[in-house]
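Here the structure comes first, spelled out in structure tokens, and everything after it is commentary.
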Protein chains: 2
Amino acid sequence: MQGEIKKDMSRKKAILRAATAFFSQKGFSETSMSELSKITGVAGGTIFYHFKNKEELFLAVLENVKAEIIEEFGRYFGEKKFENGMEMMEGVIFFYLYLAGTMEDHFLLLHRHYPYKLAEVNPVCRGHLEAIYNCLADIFEQAILTGQKDGSVGDVNPRKTALIIFSMIDGIARFKTYNLYDAGALYNEILAACRRMLCRDTPAA
Amino acid sequence: MQGEIKKDMSRKKAILRAATAFFSQKGFSETSMSELSKITGVAGGTIFYHFKNKEELFLAVLENVKAEIIEEFGRYFGEKKFENGMEMMEGVIFFYLYLAGTMEDHFLLLHRHYPYKLAEVNPVCRGHLEAIYNCLADIFEQAILTGQKDGSVGDVNPRKTALIIFSMIDGIARFKTYNLYDAGALYNEILAACRRMLCRDTPAA
DNA sequence: TCATAAACTGACTGGTTGCTCAGTCAGTTT
DNA sequence: AAACTGACTGAGCAACCAGTCAGTTTATGA
């Protein structure tokens, strides 16, 4: 039984993994199920045996993306400890840009249009997206709240400022994947800008 | 003759206008040429008489988007005068978010994936995108440079900081179109964050 | 050993796609 | 009036699409 599950899982997971890459890199409608079956070495009907249609396959991919992103952030902030809120914010920014590089497909999918369009009519899809964005926004907010307690962050609206910084970092990550300009070259400037934005008061000159 | 040209132009422009809306709202591959011909009340072949294929039609749309965005910014900054660089930056941010609302289709198109994917293999497409982004980044940079001359903006790297603020504003505009959260509710906080980011020094407490 | 179920197959279907092309026709030039 | 032009038409085409299903293989539990 364990063996069977494993074999089942390996097929199903192979399809899921290939679908993640395809949906991310080519988009939903440009991804063809027959191409997907060809690349996974599986008959056309097998995909429809595991996932009842293309949209359900997409939702399964999105659910997996959600789980892995949230898990990665959970692991990082479970291990890592920070001196104060401002340092935590720097850690969040670093890790976000780092993940956008290592889990490129996951973030590419979130930078596409299809998930948000589907979310308008599909509550499951909307749920996944909200879970991801709430998790991320919460982390940014947590850094600000921590900083306000320990004095490293000034008096700003925590939630709104978190959303603004999140937009900024996500925008940078998005531009990077489009090769418009490089996030790496801006990294130090980003941290400096954030520090100025959040610091209690700016050092003179 | 004038009449005939006018008739030609109205058809071609009708196709272009409909294509802009479709490519923006539905994406490239979800937009069908036959649907486009139906909505413009034109025979299927007519579109291919004016534009040799779907990709060329898209490029014509993008060129038009480029021209209109650059024109709008040119008009605004041709008329409006600012007290200093910081005020100009606030004007840029206001106008960007305002345009993203009134010219929704144009910005929606730029928030899609297809243009950037096409740009990788099509120099004409790449040229249009670079023209748009250079124009926008230049305006943000100009505000910073002006502010540094008149003393309203502190000592930051002008180009890099311009790109960071641009990413931030564009990210906000993008999230707004996805209905993830509202840019309007963040507007005051955005301006405050920018002021803190750029100010020579922060007033105490 | 065998019955049952689960996993898998690939030919098939009805529908859509971007695009072509032979031909129509109003208007202009010769 | 003959010759020509260029905008426009719509039937038609090959390629491809998501999804189905009758049938085969494989694994499991008794």
Side-chain angles (χ1 to χ4, degrees), chain A residues 1-62 112 114-115 117-118 121-122 125, chain B residues 1-62 112 114-115 117-118 121-122 125:
Chain A
M1 180 158 174
Q2 186 71 9
E4 198 221 339
I5 283 186
K6 226 177 166 181
K7 202 189 167 191
D8 166 32
M9 292 301 272
S10 76
R11 290 253 202 192
K12 206 176 169 184
K13 274 199 176 169
I15 294 166
L16 209 67
R17 204 172 310 132
T20 304
F22 272 56
F23 284 144
S24 299
Q25 288 159 31
K26 310 182 55 166
F28 182 79
S29 67
E30 288 90 341
T31 294
S32 92
M33 301 300 267
S34 66
E35 207 180 344
L36 219 43
S37 76
K38 220 168 278 170
I39 218 160
T40 49
V42 143
T46 304
I47 301 180
F48 291 96
Y49 173 76
H50 289 292
F51 307 93
K52 82 173 183 198
N53 57 33
K54 198 180 178 183
E55 192 176 302
E56 285 258 320
L57 173 58
F58 180 83
L59 288 175
V61 165
L62 187 61
R112 286 197 163 270
Y114 184 76
K117 195 173 139 197
L118 182 60
V121 295
N122 187 314
C125 181
Chain B
M1 180 162 173
Q2 186 70 8
E4 200 218 339
I5 284 185
K6 228 176 164 181
K7 202 185 166 193
D8 166 32
M9 291 301 272
S10 77
R11 292 255 203 192
K12 204 174 171 185
K13 275 199 174 168
I15 295 167
L16 207 68
R17 206 173 308 134
T20 304
F22 273 55
F23 283 144
S24 299
Q25 289 159 29
K26 312 181 55 165
F28 182 79
S29 67
E30 288 89 343
T31 294
S32 91
M33 301 300 266
S34 66
E35 208 180 343
L36 219 43
S37 76
K38 221 170 278 171
I39 219 161
T40 49
V42 144
T46 305
I47 301 179
F48 291 96
Y49 172 76
H50 289 292
F51 307 94
K52 81 173 184 198
N53 56 33
K54 198 180 179 184
E55 190 176 304
E56 285 258 319
L57 174 59
F58 180 84
L59 288 175
V61 165
L62 186 61
R112 286 197 162 272
Y114 184 77
K117 196 173 139 197
L118 182 60
V121 295
N122 186 314
C125 181

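Given the structure is predicted, the values throughout are model-derived calculations rather than measurements. All chains are named by letter (A, B, ...) in the order of the sequence lines, taking the proteins before the strands, and each is independently numbered beginning at 1.
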What is the distance from [atom1] of [X] to [atom2] of [N], rounded to the nearest Å?
X	N	atom1	atom2	answer
B:Phe48	C:dA22	CZ	P	17 Å
B:Lys12	D:dC8	NZ	P	11 Å
A:Phe51	C:dC8	CZ	C1'	14 Å
B:Lys38	D:dT9	NZ	P	15 Å
B:Leu36	C:dC19	CG	P	12 Å
A:Lys52	D:dC21	NZ	P	15 Å

Return the minimal non-hydrogen interatomic distance between B:Glu30 and A:Ser29, and the atom names on each side.
-> OE2-OG, 3.2 Å
Of all heavy-atom pairs between B:Leu62 and B:Cys125, which one has the smallest distance, and what is that distance?
-> CD2-SG, 3.8 Å
Report, as a single string ordered 5' to 3', how protein heavy atoms within less than 4.0 Å touch nucleotides 9-17 of chain C: B base, S sugar-phosphate only, - not at all.
-> BB------S
In Å and rounded to the nearest 0.5 Å, what is the [atom1] to [atom2] distance from [X] to [Y]?
X	Y	atom1	atom2	value
B:Phe58	B:Asn122	CZ	CG	10.0 Å
B:Arg17	B:Thr20	CZ	OG1	8.5 Å
B:Thr40	B:Glu35	OG1	CD	11.0 Å

Does B:Lys54 make a cation-pi contact with B:Phe23 (under 6.0 Å, within 45 degrees of the axis)?
-> no
Find the partner of C:dA5: check Watson-Crick (N1-N3 plus N6-O4 or O6-N4) and G-U wobble (N1-O2, O6-N3) distances, both under 3.5 Å, and reply none if neither fits.
->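 Across all strands, the one nucleotide that pairs with C:dA5 is D:dT26.
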Both distances under 3.5 Å, Watson-Crick or G-U wobble: report the partner of C:dT30, or none.
->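 C:dT30 is paired with D:dA1.
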For C:dC8, does OP1 or OP2 lie under 4.0 Å from any side-chain N or O of A:His50?
->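 Yes, such a contact exists.
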